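Structure record follows, encoded as structure tokens.
Just follow the structure's listing: the first ligand is 1, and inside any ligand the first atom is 1. Positions are given from 1, in the same order as the sequence printed here. None of the values given here were measured: they were computed from a predicted structure.
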Amino acid sequence: MKVRILTLFPEMFNGPFGTSILKKAQEKELIDIQCFNIRDFALNKHKKVDDYPFGGGAGMVMTPQPIFDCHHHVTQMLNLNEPCKTIYLSPKGSTFTQEKAMELAKEEQLIFLCGHYEGIDQRIIDELVTDEISIGDYVLTGGELPAMVIVDAITRLIPGVLSTEASYEDESFHCGLLEYPHYTRPRAFNGLEVPSVLLSGNHKDIDMWRRKQSIELTFERRPDLLKGLQLKKNEAQWVAELSKKKE
Ligand SMILES: Nc1nonc1C(=O)NCC1CCCCC1
């Protein structure tokens with residue numbers, strides 16, 4: 001997968017993309033991430049990339065020319081037959097989910113457009129943006145951190161990035177439930193013991209325990225996620241018992 005990031009602050013990406021799993025994924029050529037500084041494409045003498053909003057109001061708006069030219073340069077280099085999916089990060093977008101991550105992970109190339117200040121000129125969104133995505137209902141100072149979050153969530157889904165069993169768990173075990181608790185050595189720490197079932201070696205019991213933990217945690221913290229799920233008979237019974245307890 002090719003990822004192209006249009007930003008005023010490419011240096012922000014050095015840490016997350018130069019570390020651990022994301023760094024290894026690039027070294028293994030499973031993903032090719034390149035950042036482009038929008039300011040390099042500004043044609044005015046002072047490399048200005050923002051201006052006052054028409055109609056007045058606080059803050060500055062990113063001007064169209066540098067972004068249009070940067071986007072054109074990137075799409076030319078990608079040398080595609082059809083327009084490239086271009087994602088604009090904004091609180092106005094559709095909320096990012098694991099399902100969306102799995103959908104985006106299938107793309108051959110993605111362009112991320114990171115806004116700053118008060119936002120970008122609407123003509124950029126109307127003409128270039130194919131998807132407006134939000135990582136949550138809060139306002140950040142720019143689209144860079146959301147872009148990192150989304151690239152991280154997508155990259156770990158690319159075959160070969162994670163060890164096989166870890167990537168397997170994502171799709172099959174959890175499928176919409178909150179993840180069960182994890183434990184590792186030592187077996188006792190500060191008098192705190194690991195649940196005995198995890199030490200039993202009985203993988204049928206372990207899987208059952210983990211599934212029950214996921215359902216209980218989801219019932220407590222995100223009951224909305226339970227609504228759309230197909231539960232087995234015994235699992236539905238667990239939920240019924242939890243509901244009774246809650247009454
Ligand atoms: N939340 C979010 N999810 O995705 N992006 C978010 C955000 O808060 N972005 C900041 C804004 C700030 C003004 C310019 C455009 C980006």
Practice task
Using a strict cut-off of less than 4.0 Å between a Lys/Arg side-chain nitrogen and an Asp/Glu carboxylate oxygen, indicate whether Glu103 and Lys100 qualify as a salt bridge.
Solution key: yes
Handout entry: N-O pairing of Lys47 and Asp40 below 4.0 Å
Key = no
If we ignore hydrogens and angles and just use 3.5 Å, is the side chain of [X] paired with the main-chain N or O of [Y] as donor and acceptor?
| X | Y | result |
| --- | --- | --- |
| Gln213 | Glu179 | no |
| Lys85 | Glu107 | no |
| Gln109 | Cys84 | no |

Exercise for the section: Check the angle between the aromatic planes of Tyr183 and Trp209 and answer parallel, tilted or perpendicular using the 30° and 60° thresholds. Expected result: tilted
Under 3.5 Å, N/O to N/O: give me all the pairs between ligand 1 and the protein, one per line with atom names and distance.
from, atom 1, to, atom 2, distance (Å)
ligand 1, 1 (N), Gly136, O, 3.1
ligand 1, 1 (N), Tyr138, O, 2.8
ligand 1, 3 (N), Ile135, N, 2.9
ligand 1, 4 (O), Ser90, N, 3.3
ligand 1, 5 (N), Ser90, N, 3.2
ligand 1, 8 (O), Tyr138, O, 3.4
ligand 1, 8 (O), Leu140, N, 2.8

